[in-house]
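One-based numbering along the sequence shown.
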Amino acid sequence: MWAVLAVILFLAGQAYLFHSLGKVDGYLAMQEDLPEKKVLSLAFSDPGTAERMAQLLSGFSRENPEVEMVLHTDTSVPEAVYEGRAAVGFLSGTFCPRHGLNSFVLELENLPEQQVIWKTGMQADSTDAFLQYLGHSSGNSLKTVI
């Protein structure tokens, strides 16, 4: 009789274990389906620029939900981009790109002319997507941006 009870308890334990492992596998499968968030750091020389670009930035976020944008003000945008603290920088006024940096002029309504600055060479996919979005939004050809 004790042997039968032990077998029943063993089988119940195994069923519970398989049920629990199935939940864990289901949870892990759900996590694998979620796209990995990518961070895109944007530096602005003027804090008001990000506010005036809100519509443009939210449009990019809608089209690229896997990209999380981090916005910050930096007094030295070119150095922030060159040193990797920002992937893309926005500088009010003119800037002559130095070695290792690219730039183009962004002209949008209700926004003073901005120099968009990024590092020369291979970029993260999120940076390339953002630069292409900016180029398209501002009417620049993609050749000008990339």
Side-chain angles (χ1 to χ4, degrees), residues 6 8-146:
I8 291 173
L9 286 174
F10 175 75
L11 292 175
Q14 291 297 316
Y16 177 76
L17 179 65
F18 287 130
H19 177 72
S20 296
L21 289 175
K23 286 184 178 179
V24 170
D25 286 343
Y27 174 76
L28 293 175
M30 271 186 1
Q31 294 300 330
E32 289 174 2
D33 292 342
L34 296 175
E36 184 179 324
K37 282 283 189 184
K38 300 170 187 165
V39 176
L40 177 64
S41 178
L42 304 176
F44 296 88
S45 63
D46 173 29
T49 302
E51 292 172 14
R52 285 177 276 194
M53 290 181 65
Q55 186 175 5
L56 181 82
L57 297 175
S58 64
F60 177 77
S61 290
R62 275 192 306 278
E63 289 185 19
N64 300 277
E66 74 283 359
V67 178
E68 180 180 337
M69 289 187 288
V70 177
L71 313 177
H72 56 94
T73 303
D74 198 312
T75 56
S76 183
V77 171
E79 282 76 15
V81 172
Y82 187 76
E83 294 169 1
R85 296 191 313 267
V88 179
F90 295 86
L91 184 65
S92 297
T94 58
F95 168 73
C96 182
R98 65 179 191 204
H99 181 70
L101 296 177
N102 286 327
S103 74
F104 78 97
V105 176
L106 177 66
E107 295 180 22
L108 297 173
E109 286 183 36
N110 303 323
L111 183 69
E113 191 173 273
Q114 296 287 309
Q115 279 297 123
V116 179
I117 303 167
W118 72 97
K119 220 171 189 179
T120 304
M122 292 295 292
Q123 300 294 326
D125 292 341
S126 56
T127 304
D128 283 342
F130 184 71
L131 291 171
Q132 289 179 1
Y133 186 84
L134 280 179
H136 176 72
S137 298
S138 66
N140 287 329
S141 69
L142 294 180
K143 291 180 182 177
T144 304
V145 177
I146 302 300

Inset, instruction - Check the pair Phe130, Leu57 against side-chain contact (heavy atoms from CB on, under 4.5 Å), reporting the backbone distance first and the verdict last. - result: CA-CA 9 Å; Phe130 184 71; Leu57 297 175; 3.9 Å; yes
Legend entry - From CG (Leu91) to CZ (Phe44), nearest 0.5 Å: 12.0 Å
Legend entry - Inter-residue atom distance Glu63.CD - Gln132.CD, 0.5 Å rounding: 11.5 Å
Inset, instruction - Look up atom OG1 in Thr120 and atom CG in Leu101, then write down how far apart they are to the nearest 0.5 Å. - result: 6.0 Å
Inset, instruction - Output the distance between atom CG (Leu131) and atom CH2 (Trp118), rounded to the nearest 0.5 Å. - result: 5.5 Å
Inset, instruction - Just do the side-chain contact (heavy atoms from CB on, under 4.5 Å) check on Ser92 and Thr49 with the steps written out, would you? - result: CA-CA 9 Å; Ser92 297; Thr49 302; 4.2 Å; yes
Inset, instruction - Could you pull out all residues at least two apart from Asp74 that satisfy side-chain hydrogen bond (donor to acceptor under 3.5 Å, both in side chains)? - result: Arg85
Inset, instruction - State which residues pass ring-ring contact (aromatic ring centres under 6.0 Å, His included) with Tyr82; sequence neighbours excluded, sorted by chain then number. - result: none
Legend entry - Interatomic spacing from CG in Asp125 to CG in Leu40 - rounded to 0.5 Å: 11.5 Å
Legend entry - Other residues, nucleotides, ligands: >12 heavy atoms within 6.0 Å of Gln55 CD: no
Inset, instruction - Would you give the length of the straight line joining atom CD of Glu66 to atom OG of Ser126, rounded to the nearest 0.5 angstrom? - result: 8.5 Å
Legend entry - Member of Leu106, Leu71, Val77 meeting the side-chain contact (heavy atoms from CB on, under 4.5 Å) criterion with Phe90: Leu106
Inset, instruction - May I have the step-by-step check of side-chain contact (heavy atoms from CB on, under 4.5 Å) for Val105 and Gln114, ending in yes or no? - result: CA-CA 6 Å; Val105 176; Gln114 296 287 309; over 6 Å; no
Legend entry - pair Asp46-Arg52: side-chain heavy atoms closer than 4.5 Å: yes
Inset, instruction - Tell me, with the steps shown, if Val88 and Val81 meet side-chain contact (heavy atoms from CB on, under 4.5 Å). - result: CA-CA 6 Å; Val88 179; Val81 172; 5.9 Å; no
